[in-house]
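Worksheet: the structure to be examined is printed underneath.
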Amino acid sequence: MTADIGKRAILVVDVQNDFCEGGALAVQGGTDIARAITMYLTHAVADHVVATRDWHVDPGAHFSAEPDFVNNWPPHCLVGTPGSQLHPDLATDRFEAIFDKGEYEAAYSGFEGRADGVALADWLREHGVGQVEIVGLTADYCVRATALDAVRAGFATTVRLDLTAAIAGHTAAATVEELRAAGVELIGTPLLRN
């Protein structure tokens with residue numbers, strides 16, 4: 001007999017215009033991932049579905065005029081701009097809450113986000129969630145950070161790599177090893193930028 005580990009939630013991470021083709025910090029395949037997640041959500045069995053958004057006002061050193069694309073980036077997902085909005089090919093009808101993160105600092109993990117003042121981990125616990133499945137953009141940054149924080153917070157964690165895109169092959173490979181070592185269940189492989 002298996003122990004009951006609570007309800008299951010799908011976390012859709014940062015599928016925003018600026019991370020898809022044509023955006024300020026686009027990852028190749030981002031639009032395809034938005035469409036694939038939409039198709040997946042039409043039949044996925046989950047008790048809850050929520051999303052996260054990069055939601056920058058003034059994140060300080062997270063933005064740079066000469067970004068290194070590791071610790072700092074071109075301006076992206078600025079509140080009030082089209083780039084900050086969820087991608088139009090991403091169906092949002094199942095989203096119960098959207099957790100915004102990074103207003104005044106770099107924030108990679110969805111667990112740094114809040115919806116109506118409530119932190120993601122608290123919202124999940126209030127809704128009886130014990131298992132999370134993570135999809136979205138990008139595998140090697142925000143999906144990675146969200147998954148690691150999910151494990152730290154005590155959630156049984158799965159990442160659907162087949163519903164993510166990665167920025168680079170070397171960071172995607174390192175991410176897979178890091179997530180596996182942390183006890184994250186991995187399904188598929190991420191779409192790669194290069």
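Note that the numbering runs from 1 along the sequence shown for the chain. What you see is a predicted model, and the numbers here were worked out from it, not measured in a lab.
- Annotation for His87 and Ala34: closest pair ND1-CB, 3.9 Å, computed over non-hydrogen atoms.
- Listed for the Thr138 side chain is no donor-acceptor partner under 3.5 Å among the backbone atoms of Ile167.
- The aromatic rings of Trp73 and Phe69 lie perpendicular to each other, with more than 60° between the two planes, well past the 30° mark.
- The closest donor-acceptor contact from the side chain of Gln16 to the backbone of Ser84 lies under 3.5 Å.
- Listed for the Thr52 side chain is no donor-acceptor partner under 3.5 Å among the backbone atoms of Phe99.
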Mind running side chain to side chain contact (heavy atoms under 4.5 Å, CB included) on Arg53 and Leu86 for me, showing each step along the way? CA-CA 8 Å; Arg53 283 189 299 208; Leu86 295 172; 3.8 Å; yes
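- How far CG of Leu78 is from CH2 of Trp55: 10.5 Å, rounded to the nearest 0.5 Å.
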Check the pair Arg160 / Glu133 against side chain to side chain contact (heavy atoms under 4.5 Å, CB included), numbers first and verdict last. CA-CA 7 Å; Arg160 291 285 313 252; Glu133 181 179 87; 3.6 Å; yes
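- The main-chain N or O of Val129 is never found under 3.5 Å from a side-chain atom of Asp47 such that the two would form a donor-acceptor pair.
- There is no path of hydrophobic side-chain contacts, each under 4.5 Å, that joins Met39 to Ile134.
- Lys101 and Asp54 are joined by a salt bridge, as a carboxylate oxygen and a charged side-chain nitrogen come within less than 4.0 angstrom of each other.
- Between the side chain of Asp18 and the backbone N or O of Cys77 there is at least one donor-acceptor pair closer than 3.5 Å.
- Annotation: Asp68, atom CG; neighbour count of heavy atoms from other residues, nucleotides and ligands within 6.0 Å is above 12.
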